[in-house]
Amino acid sequence: MKKSPLPLQNLGAKDKRRKCGRDALVKLLRWNFGHPDFRGNQLEAIEAILSGRDCFCLMPTGGGKSMCYQIPALAKTGIVLENQVMALKEKGIAAEFLSSTQTSQLRNKIHEDLDRGQPSIRLLYVTPELIATSGFMSKLKKIHGRGLLNLIAVDEAHCISSWGHDFRPSYRKLSSLRNQLQDVPILALTATAVPKVQKDVIDSLNLQNPLVLKSSFNRPNIYYEVRYKDLMDDAYADLCDVLKSAGDVCAIVYCLERTTCDDLSTHLSKNGISCAAYHAGLNNKLRSSVLDDWICSKIQVVVATGIDRKDVRIVCHFNIPKSMEAFYQESGRAGRDQLPSRSLLYYGVDDRKRMEFILSIAESKKLQSSDSEHGLSKKSTSDFNLMVEYCEGFGCRRKKILESFGEEVSASLCKKSCDACKHPNLVAKYLEELTTAIAVRQRNGFSKILSSSTDAFENENFSEFWNRNDEASGSEEDISDSEDGFEVAKGISRSKFSKKTGINEKIELLQRAEENYYRNKAHDKQANRPDKNAISGALRESSKQRLLDALKHAHQRLGDLKVDFEASSTILENECFKKYGKSGKSFYYSQVASKVRWLSTTSSAAEITNQIGTGIKSPLENITRKEEPSPQTVSTILHDERKKEVNKVIGEQHCGDIESKTSVKASTPQMQTKLPAIPSFSQFVNSRKSKEMQQPKASEEKEHHHSPNKHTKKRMRLQ
Ligand SMILES: Nc1ncnc2c1ncn2[C@@H]1O[C@H](COP(=O)(O)OP(=O)(O)OP(=O)(O)O)[C@@H](O)[C@H]1O
Ligand SMILES: [Mg+2]
């Protein structure tokens, strides 16, 4: 239903630069949208536009950017041109969408209206492609000549920047607007916080002396949480529990591949959750029926990407996204109505490795490409590392998001609205368990990254999460077209395989490509690699250094540690080497890590002194302590373990190159002292398990859905 747009006088073409007062604009807002007042920088942006000035407006997702062009569309007769296709149904204002996918009858009707002296259309949505056509541009010039073009709004303006996570080549076509339509104000809107992208947007659109408005990116109504797949028996079941316990709420689950979308959606449906997969692999009819059902709440959950509703309560990433920017945009689809919502990310080491692999392929292809202007986003593995740090590092998740966008964040900002702030001990414990799980997996060897995704390569069934290239289908509102790692990987796979090649050969080739990748990576770091699993002198030195540092920290923390640090670190390292030197570096790593953990967390200096002095007791017995490890320690260990684990996968000789940067003077002295016994890994796990069972859980930790018992079970299974 179309509302009468104005309780306000129209400003005619001749009054173009006349100012609309604040009160009049607020009236418009109330009358047409029912909001009591403007939010954030909305009013400033609107006033700038109405005064004819270009404006760059940065607001977080759900901040209310649309209002910045919808109000100007109502405030003046004439037309506002907007580049995004969006749901017009409920707007209640005279908006139309013009596209080549419409019937010629409908298009003619719109053109007729535009040709009238006083068009009834206020807001015209068009695609970037259409704007670039000479026919449409001359039409625009005519409308402009009649004084009827009030504003050009470029929503999701970050898509014009090849530095952005969502670069769309078609947006490049918007760069000609400033020159072609000289005195029409351009409003660029985005929720992308990366400064490089902001500058690129302003330059690419050729904005003239724009008013630059920036809001904080904090989304206080979203609770951020990470769950660790490696500590779970069944991540599908866990997600199922989350969605069931949330009740009948609207949710989006993002997956990396279409196969996961379909599979997960089937699983959730079987478990009584009303749910559907939504991706470019579905035919148009099915896709639009899924979308309709979701919008009108017939289904609760979509396992997909790229679709939107204001009352989304949970956004779940079932696989780690490729960058903080992508994560922020997608998780930001939760709670656009400002009500409390959740962002839930399932983190798995396999997922991480897979993404690293994909990004590396994309990057190497970019390096080879002489034409980086066209198509490829300049995202890199370094962006991804921020995402990994979000999951693996300790500390406030919200702070990490905002700081990654260069925002300064006070410690009090989060107000316990992320898992790390609300349940610090529990998250520290998970991180520690993850370290252990990684070490165990090192020992057992890793699964192949590509083994589960070969069907995706075979069937080309990538999710839009990666393969957003469906603009031609006329569904621009749903799917973007950024080229990405999977697309590149897919290209490589296509070029290498003839149609006759069987799936097994393809799998083999892909796995070989994966191995080569890691091998090459290792080569960069180290030329000689006699034995993958050997423990080198450099590794031993760096382990000693770690133990030495841990001893020094323990001394600072506990005050009175009467031992010779150098000698003690040698003793401890020797003990690890003696016991596990022959078993290989995987278990040696975890043994050193266990000792470091113990030194970092034990509450008694005497315990350390006794341990080193007499060698009676195993340090590992002390790991089942009452206190949680210090957050910093957990983070550091996890990071170290991660580096090592990558090195293990890439077949490096050792991780000494990472750690040996710290200079170490001492050569390995002969061990004199009797060493304490080191329990096996299963002894260690069992001792932890029995201790855990004895310890009553803190009530706040009970609230947390992430069941520690499940983790214990998983650890046992990992042996
Ligand atoms: N001044 C306001 N007061 C209250 N609610 C508002 C106001 N302005 C916008 N909103 C509401 O905020 C929600 C989000 O608005 P909108 O879709 O414009 O956000 P956005 O910044 O474009 O987000 P996205 O980046 O996700 O596209 C909508 O429900 C809208 O009605
Ligand atoms: Mg918007």
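What you see is a predicted model, and the numbers here were worked out from it, not measured in a lab. Computation of the quantities below employed the complete heavy-atom set of this structure, encompassing side-chain atoms and omitting hydrogens, waters and symmetry-equivalent molecules. Residue indices begin at 1 and follow the sequence shown. Note that ligands are numbered from 1 as they come in the structure, with each ligand's atoms numbered from 1 the same way.
- For the residue pair K214/Q198, the side-chain donor-acceptor check at 3.5 Å is satisfied.
- Contact check for L58 versus F217: side-chain heavy atoms found under the 4.5 Å cut-off.
- Between the side chains of E407 and S216, at least one donor-acceptor pair of N or O atoms lies under 3.5 Å.
- Relative to atom 11 (C) of ligand 1, the option among M59, R39, R336 with the closest non-hydrogen atom is R39.
- Under a 4.0 Å criterion applied to the non-hydrogen atoms of G63, ligand 1 contributes the atoms 19 (O), 21 (O).
- Between A191 and ligand 1, a contact under 3.5 Å exists for no N or O pair.
- Between H317 and Y346, the distance from one ring center to the other does not fall under 6.0 angstrom.
- Geometric assessment of R397 against the ring of Y390 yields a positive cation-pi assignment under the 6.0 Å and 45° thresholds.
- Applying the 4.0 Å criterion to heavy atoms of P60 picks out, from ligand 1, the atoms 21 (O).
- A donor-acceptor pair under 3.5 Å is formed between the side chain of N221 and the backbone N or O of G335.
- Residue contacts with ligand 1: G64 is placed with a nitrogen or oxygen under 3.5 Å of a nitrogen or oxygen of the ligand (distance criterion only).
- Close N/O approach between D337 and ligand 1 is not found [any backbone or side-chain N/O within under 3.5 Å].
- The option from Q70, Q338, Q42, K65 that lies nearest to atom 20 (P) of ligand 1, judged by heavy atoms, is K65.
- Proximity to D37 (heavy-atom distance under 4.0 Å) selects the following atoms of ligand 1: 1 (N), 2 (C), 3 (N).
- Looking at D155 against ligand 1, nothing comes within 4.0 Å, counting heavy atoms.
- Interface of S66 with ligand 1, defined as ligand atoms under 4.0 Å from a residue heavy atom, comprises 16 (P), 17 (O), 18 (O), 22 (O).
- Evaluated by nearest non-hydrogen atom to atom 3 (N) of ligand 1, the leading choice among Q329, H35, R30 is H35.
- Here the side chains of R22 and D37 are in contact, with some heavy-atom distance below 4.5 Å.
- Taking a cut-off of under 4.0 Å to the non-hydrogen atoms of E156, the atoms of ligand 1 that pass are 27 (O).
- For ligand 1, the atoms closer than 4.0 angstrom to any heavy atom of G62 are 12 (O), 14 (C), 19 (O), 20 (P), 21 (O), 23 (O), 24 (P), 25 (O), 26 (O).
- The shortest side-chain heavy-atom distance between I186 and R178 falls under the 4.5 Å cut-off.
- Side-chain contact, D183 with H144: a donor N or O sits under 3.5 Å from an acceptor N or O.
- Counting atoms of ligand 1 from 1 in the listed order, those under 4.0 Å from a heavy atom of F38 are 1 (N).
- At a threshold of 4.5 Å between non-hydrogen side-chain atoms, the residues F38 and I71 count as touching.
- Of all the heavy atoms of P36, none lies under 4.0 Å from any atom of ligand 1, so neither backbone nor side chain is involved.
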